[in-house]
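Some notes on the structure that comes next.
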Number of protein chains: 2
Amino acid sequence: MGVLQPKDGGHVEFKDNIPIYLQIKQYLYRQIITGKLKPGKKIPSVRELAVQLTVNVNTVQRALQQMNFEGILYTKRGEGNFVTEDTTLLDKTKRELINAELDKFVHSMNSLGVSDEQILKSLSEYLKKERE
Amino acid sequence: MGVLQPKDGGHVEFKDNIPIYLQIKQYLYRQIITGKLKPGKKIPSVRELAVQLTVNVNTVQRALQQMNFEGILYTKRGEGNFVTEDTTLLDKTKRELINAELDKFVHSMNSLGVSDEQILKSLSEYLKKERE
DNA sequence: TTGGCTGTAATACACCCATAATACACTATC
DNA sequence: GATAGTGTATTATGGGTGTATTACAGCCAA
């Protein structure tokens, strides 16, 4: 398990048992979705990311390759990686990610024996407690 | 990715990128928490589970060993594995699992830029759509 | 006691992931 | 052109996971 301190003061904790390169993808997707990395802008170089995340260059490269293939990034060889300017794709991606989370959550709760009605109750109680 | 059809007609889909033995643990935990496997009762043998889940015996064994160590199961060598009768532990486990799901979900949504207020809205909308 | 069920252990093999180290290819700038 | 920064490719090594196979150990009923 690694704990990292990227420039923006945020942090990324790597979970065991999930490939790091996937967690890097997730991290970057969220940076992009939330506008911390903006459309058309250059993201940190593979070597810089590797240092920030205390991870090997190859592992970063693997994540970026896939994101490039997925269209969320584009690569200019010799220059760097850039966030797509396709805001339609970005919006669509955000909606899909959120929906995937909802899906996963509801299924998990159901399989723990929590009905749909109870889910809403549990959640609002949880959020209430969290605010204290 | 494997898809299985245990006796009860349910199904377990293995996700790539997460160790199978952990998914087996999760599956069994949920069977126990929801009362499909009852306190004091024998669970299927390692070999039977291995067949049901189309997985190797060693992989099942690994999951059961950990659950035994965690106290949710106890083993009678030569007889089988049995669900603990410690209902206090079972209740506590259920609460912890649910809380962990809530925690994970809220953090995920937050990191996608969804505020606590929006989370509740999104969820109730999602549940509404799901009912159609 | 035997046979058949149970859990347990050990070995060997293959695959994926991650690292480390090195080298190469492209771009911009001085 | 040289240099520094970028992405890319290659090789070797180690660890975790999952399988397959074989063997051993305990319990129970016929």
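Every chain is numbered from 1, with letters handed out A, B, ... down the list of sequences.
When the C1' atom of D/dT8 is taken as reference, atom CD of A/Glu79 falls 15 Å away, rounded to whole Å. For the pair B/Leu53 CG and D/dT19 P, the computed distance is 10 Å after rounding to whole Å. As a whole-Å value, the separation of A/Lys42 NZ from D/dT6 C1' is 7 Å. In this structure, A/Phe14 atom CZ and D/dG16 atom C1' are separated by 18 Å, rounded to whole Å. As a whole-Å value, the separation of A/Lys76 NZ from C/dA25 C1' is 18 Å. In this structure, the CG atom of B/Leu49 is 16 Å from the C1' atom of D/dG18, given to the nearest Å. For the pair A/Lys41 NZ and D/dT6 P, the computed distance is 16 Å after rounding to whole Å. The distance from atom CG of A/Leu64 to atom C1' of D/dG7 is 10 Å, rounded to the nearest whole Å.
Side-chain atoms of B/Leu90 and B/Pro39, non-hydrogen and from C-beta on, do get closer than 4.5 Å to each other.
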Can you give each donor-acceptor pair under 3.5 Å made by side-chain atoms of residues 55-65 of chain A, sequence neighbours left out, with the distance rounded to 0.1 Å?
residue	atom	partner	partner atom	Å
A/Asn56	OD1	A/Asn58	N	2.8
A/Asn56	OD1	A/Asn58	ND2	3.2

Atom pairs and distances, donor-acceptor, side-chain atoms in residues 123-132 of chain B, under 3.5 Å, two or more places apart:
residue	atom	partner	partner atom	Å
B/Ser124	OG	B/Leu120	O	3.1
B/Ser124	OG	B/Lys121	O	3.1
B/Tyr126	OH	A/Asp103	OD1	2.3

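Remark: B/His107 NE2 to B/Leu112 CG distance equals 13.0 Å, nearest 0.5 Å. In this structure, NZ on A/Lys25 lies 4.0 Å from CD on A/Gln66, to the nearest 0.5 angstrom.
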- Using a cut-off of 4.0 Å between protein heavy atoms and nucleotide atoms, how would you tag nucleotides 9-22 of chain C 5' to 3' with B, S and -? SB------SSBBB-
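OP1 or OP2 of C/dG7 has at least one side-chain nitrogen or oxygen of B/Asn81 nearer than 4.0 Å. Contact annotation: A/Ser45 reaches the phosphate of D/dT6 (side-chain N/O to OP1 or OP2, under 4.0 Å).
Shown here is B/Lys42, whose NZ atom has more than 12 heavy atoms of other residues, nucleotides or ligands within 6.0 Å.
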